[in-house]
Number of protein chains: 2
Amino acid sequence: MTLRPTQACQHCTLRQLCLPMGLPQDELWQLDQIVQQRRPIAKGAPLFTMGTKFEALYAVRTGALKTVLISDDGTEQITGFALAGDLLGLDAIHSGKHPVSAIALESTSVCAVPYGHVDDLAGRLPTFRQHMMSVMSQELAQDESLHALLGQRTAEQRLATFLIALSERHRARGLSPERFYLPMSRADIANHLGLTQETISRLFTQLRNQGVINLHTRDLEILQPDGLRNTAGVTFTSAASSA
Amino acid sequence: MTLRPTQACQHCTLRQLCLPMGLPQDELWQLDQIVQQRRPIAKGAPLFTMGTKFEALYAVRTGALKTVLISDDGTEQITGFALAGDLLGLDAIHSGKHPVSAIALESTSVCAVPYGHVDDLAGRLPTFRQHMMSVMSQELAQDESLHALLGQRTAEQRLATFLIALSERHRARGLSPERFYLPMSRADIANHLGLTQETISRLFTQLRNQGVINLHTRDLEILQPDGLRNTAGVTFTSAASSA
DNA sequence: CGAGCCTTTGATTATGGTCAAGCGCTGTGG
DNA sequence: CCACAGCGCTTGACCATAATCAAAGGCTCG
């Protein structure tokens with residue numbers, strides 16, 4: 001793997017969102033020492049592959065990825081979409097192998113944090129340790145919301161909730177929550193939500209006809225956020241999880 | 001909350017499965033100092049309730065619980081079933097509030113581990129810290145399998161997979177993987193798997209007629225483990241998660 | 001012993017899946 | 001710069017799985 005010169009977390013525009021979040025200056029400095037950058041991953045290429053050895057956590061710098069679990073029979077499940085600032089690989093700590101593959105949805109760059117160093121820092125830096133636990137805990141809670149979404153909601157509610165969650169994630173990144181690009185295909189959205197491509201397409205058409213959204217290819221505009229919330233029925237805590 | 005005299009993890013029959021797993025003797029001793037026991041929770045009563053302050057992690061000593069997420073509109077989602085040795089509350093670290101309620105399915109006793117002490121130990125004891133991270137990571141991976149189960153599998157495959165996972169959990173506890181009691185109702189199983197009570201009942205009847213299982217009320221006997229695996233179609237890593 | 005809940009079973013329905021066909025981007029090479 | 005190939009998306013017709021509605025039997029516990 002080609003490494004590029006390290007660029008400081010301190011100066012990263014994602015530092016409020018990513019691993020450095022909430023770290024005091026001296027702890028941040030120590031994190032900076034261990035973060036490595038990788039050369040960009042091309043669209044469609046894997047950052048890591050299911051079953052391979054877990055060596056590092058990854059933070060998305062730019063771009064987007066999907067995490068995919070492939071069953072014995074070849075069935076694929078997209079377990080999440082990772083945007084800039086999201087962390088990947090936490091699910092691999094237990095077994096030492098990645099339980100999913102991470103595939104770039106567009107040209108994507110990431111920071112790599114070797115896990116041995118993460119554990120070391122977690123032992124020495126209380127704020128960092130608490131942050132790591134908090135991030136994992138948050139993902140557990142998000143997975144529970146996602147479970148409720150898949151278990152209890154209609155296709156229409158799932159898609160609306162997904163779009164709201166994406167919108168909120170863009171807002172948290174200081175981007176427009178009303179207009180953004182969908183880096184994933186209709187089939188990807190469908191798979192993630194336990195539906196089919198055709199159903200997603202029909203629902204998009206429906207939302208467009210209702211004047212709730214505007215969508216040309218993958219450029220989404222949310223015209224009526226309240227209409228979308230209304231369609232979603234109930235708000236789940238960020239159900240478009242990252243892992 | 002009434003506390004009972006502390007009983008040592010060292011002598012607990014669940015120590016191979018529960019928090020003490022893999023801890024060296026000196027670390028185990030320190031864990032023992034902070035574990036508290038609670039008086040039993042009656043069937044149907046909560047160990048903790050959604051929205052309430054997170055104060056401690058809980059380890060199930062005997063009995064079983066379900067964790068339930070309730071939406072604004074009153075819809076309930078059972079996110080998991082906790083058996084003896086399972087840990088509850090990890091999903092609450094992030095927000096400081098429990099995102100789910102934990103309800104006893106039968107008379108249940110638990111050990112409470114105040115979270116401040118957990119963090120303290122995680123800072124001082126490397127093995128314990130790594131174990132905590134590992135447990136959370138494992139739950140993340142299990143949630144991904146569960147996502148695939150709900151997203152890609154038929155009702156029949158979901159139930160078969162659920163029964164296999166339960167069976168494996170009993171095996172891991174040194175109990176019979178072929179004969180065990182179901183502490184949850186048909187409606188609970190249905191809800192957890194994103195199905196209805198009626199569907200679960202029909203599927204049980206079908207599996208019984210096929211000679212794959214024997215089921216009287218809640219006493220389950222797996223007559224043909226291979227038949228069940230065959231029905232499940234694909235094996236997911238312990239998809240009947242605990243949280 | 002009785003009330004209430006849990007479970008089973010049947011009849012019917014609806015949501016979303018499957019199959020199929022055609023259109024439209026996008027990007028590549030001539 | 002344009003043509004074409006290939007993938008992504010849309011739309012339609014039909015179907016199947018599991019939900020809903022309904023009713024009755026069987027545990028369990030007070």
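Within every chain, numbering begins at 1; the chains are lettered A, B, ... in the order of the sequence lines, protein sequences first and strands thereafter.
- Distances shown here put a side-chain N or O of A:R218 below 4.0 Å from the OP1 or OP2 atom of D:dC9.
- Between B:F48 and B:H98, the ring planes are parallel. Angles under 30° get that label, and only those over 60° would be called perpendicular.
- Look at CG on A:L193: it is 12 Å from P on C:dG16, rounded to the nearest Å.
- Rounded to whole Å, the distance from CD on B:Q152 to P on C:dG17 is 10 Å.
- Across all strands shown, A:R158 has no heavy atoms under 4.0 Å from either base or sugar-phosphate atoms.
- A salt bridge between B:R153 and A:D73 is present, with a side-chain N of the basic residue lying under 4.0 Å from a carboxylate O of the acidic one.
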Report, one pair per line, the protein and nucleotides 28-30 of chain D atoms (nitrogen or oxygen only) whose separation is under 3.5 Å.
none

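- Not one N or O on the side chain of B:T67 forms a donor-acceptor pair closer than 3.5 Å with the backbone of B:V100.
- Regarding A:Q197, its CD atom lies at a distance of 16 Å from the P atom of D:dG12, rounded to whole Å.
- Here the CG-CG distance, from B:N214 to B:L223, works out to 5.0 Å after rounding to the nearest 0.5 Å.
- Rounded to a whole Å, the CG atom of A:L159 is 17 Å from the C1' atom of C:dG17.
- Nucleotide D:dG8 holds its P atom 14 Å from the CE atom of A:M184, rounded to whole Å.
- When heavy atoms are screened at a 4.0 angstrom cut-off, B:S185 is found touching the sugar-phosphate backbone but no base atom.
- At the phosphate of C:dC6, neither OP1 nor OP2 sits under 4.0 Å from any side-chain N or O atom of B:R186.
- With the nearest nucleotide of DNA chain D identified for both B:A155 and A:A187, A:A187 has the one nearer the 5' end.
- Applying the side chain to side chain donor-acceptor pair (under 3.5 Å) test to residues at least two apart or on different chains, the pairs with a partner in residues 196-206 of chain A are A:E156-A:Q206, A:T196-A:T199.
- Taken to the nearest 0.5 Å, the OG atom of A:S167 stands 8.5 Å off from the CG atom of A:L220.
- Applying the 6.0 Å contact sphere to CZ of A:R208 captures more than 12 heavy atoms from other residues, nucleotides or ligands.
- Residues A:R61 and A:D86 are not paired through a salt bridge, judged by the lack of any N-O separation under 4.0 Å between the basic side chain and the carboxylate.
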Dump every N/O contact between nucleotides 19-23 of chain D and the protein below 3.5 Å, one line per pair.
unit_1: D:dA19; atom_1: OP1; unit_2: B:T196; atom_2: N; d: 3.4
unit_1: D:dA19; atom_1: OP2; unit_2: B:T196; atom_2: N; d: 3.4
unit_1: D:dA19; atom_1: OP2; unit_2: B:T196; atom_2: OG1; d: 3.0
unit_1: D:dA19; atom_1: OP2; unit_2: B:T199; atom_2: OG1; d: 2.4
unit_1: D:dT20; atom_1: O4; unit_2: B:R202; atom_2: NH2; d: 3.0
unit_1: D:dC21; atom_1: N4; unit_2: B:E198; atom_2: OE2; d: 3.1

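- The phosphate of D:dT11 has OP1 or OP2 within less than 4.0 Å of a side-chain N or O from A:T205.
- In this entry the distance linking CG of A:L215 with C1' of C:dG24 reads 14 Å, nearest Å.
- Atom CZ of B:R179 has 12 or fewer heavy atoms from other residues, nucleotides or ligands within 6.0 Å.
- One interatomic measurement links the two molecules: CD1 of A:I200 to P of C:dT15, which rounds to 16 Å at whole-angstrom precision.
- Atom-to-atom, CG of A:L182 to C1' of C:dC25 comes out at 16 Å; the value is rounded to the nearest Å.
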